[in-house]
Amino acid sequence: MEFLRTLARGLGLGMAPEILPETVVMRTAEMTAWWVPATVRPMFFSETSDGKTLNGKSYPHPPLVFVVDGEHRLSVRALLEDRRPAPRSAIAIAPYWNVNQAGEVCLGSMVTPRSAGLAGLGQWVEGFFQSEFTHAGTSRSRAIPKAISGSGVTWPDGKRPRCSG
């Protein structure tokens, strides 16, 4: 066991002990997952997108789980219940443009924090919502997500966008 600890430290995979915020649901040397409760927030859409008439208005959002990794990649999923997820909590595809079926976020215009550490988690969420939602990402779905009207957490045709960039 000591060999593995020494090897991990040598590879830069060690983590300093820290007290985790209640919102963090998992943390490893490679990634952090955290949740945010349902809330109402503004959304921003590109002036050239189908969402331009919705730009800057506030909409209800489901509870979400975000994951950021050491490669500076962000993913998001929706929770079906507005509470801290447990190991068996149900998740759904997050109802947002710029997010593919795997939950990976196309960062596009998003301002990302320099750190993937605990101190930057709120900045990741704010960056996500303050970015411009530009594309549904697939030729099959250019519709506005139903969740914008507060009626659900899926897209009208059940398809999810892909990052085109």
Side-chain angles (χ1 to χ4, degrees), residues 13 15-45 51 54-138 141 143-163:
L13 299 178
M15 291 178 59
E18 56 191 330
I19 297 174
L20 299 176
E22 193 173 300
T23 57
V24 173
V25 294
M26 187 173 79
R27 176 132 165 98
T28 70
E30 296 85 27
M31 54 82 66
T32 302
W34 73 101
W35 82 287
V36 295
T39 192
V40 174
R41 311 176 172 264
M43 289 187 73
F44 303 98
F45 293 87
L54 305 172
N55 190 37
K57 297 177 183 171
S58 291
Y59 302 96
H61 297 270
L64 300 169
V65 173
F66 286 93
V67 178
V68 66
D69 69 20
E71 301 290 320
H72 227 64
R73 289 182 297 226
L74 182 67
S75 298
V76 63
R77 290 289 190 186
L79 292 166
L80 300 184
E81 297 180 305
D82 194 14
R83 64 180 182 183
R84 187 181 197 279
R88 299 198 187 276
S89 293
I91 60 170
I93 294 171
Y96 302 105
W97 286 1
N98 303 0
V99 178
N100 68 18
Q101 286 185 319
E104 298 162 336
V105 176
C106 177
L107 298 179
S109 68
M110 182 177 160
V111 176
T112 61
R114 290 179 182 245
S115 169
L118 295 178
L121 299 184
Q123 294 170 345
W124 281 99
V125 175
E126 291 308 310
F128 176 75
F129 283 107
Q130 291 174 6
S131 68
E132 207 173 55
F133 292 91
T134 58
H135 60 282
T138 66
S141 177
I144 305 300
K146 284 184 189 176
I148 290 177
S149 65
S151 63
V153 295
T154 60
W155 287 63
D157 65 0
K159 305 298 180 195
R160 294 300 306 145
R162 283 189 177 142
C163 182

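Being a predicted model, the structure only gives us computed values, none of them experimental.
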Shortest non-hydrogen contact between [X] and [Y], atoms and distance:
X    : Y    : result
H61  : V40  : CD2-C, 4.5 Å
V67  : A33  : CG2-CB, 3.8 Å
V76  : V105 : CG1-CG2, 4.0 Å
P113 : G120 : CG-O, 3.7 Å

Note, [X] side chain near [Y] side chain (heavy atom, < 4.5 Å):
X    : Y    : answer
L79  : L64  : no
R84  : V25  : yes
M110 : W124 : yes
V125 : R41  : yes
V24  : W35  : no
F44  : K57  : no

Separation between CG of L118 and CD1 of I19, rounded to the nearest 0.5 Å: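 These two atoms lie 11.0 Å from each other.
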Rounded distance (nearest 0.5 Å) linking atom CG of D69 with atom CD of E104: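 If we round to the nearest 0.5 Å, D69:CG and E104:CD are 9.5 Å apart.
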Any residue meeting side-chain hydrogen bond (donor to acceptor under 3.5 Å, both in side chains) with E81, in chain and number order, not counting sequence neighbours: R83
Pairing residues for S131 by the side-chain hydrogen bond (donor to acceptor under 3.5 Å, both in side chains) criterion, not counting sequence neighbours: none
Ring geometry between F66 and F129 (parallel below 30°, tilted from 30 to 60°, perpendicular above 60°): perpendicular
Ring pair (Phe, Tyr, Trp, His ring centres under 6.0 Å) pairs, two or more places apart, involving residues 98-120: none
Ring-ring centroid check F128 Y96, cutoff 6.0 Å: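 For F128 and Y96, the ring centres are under 6.0 Å apart.
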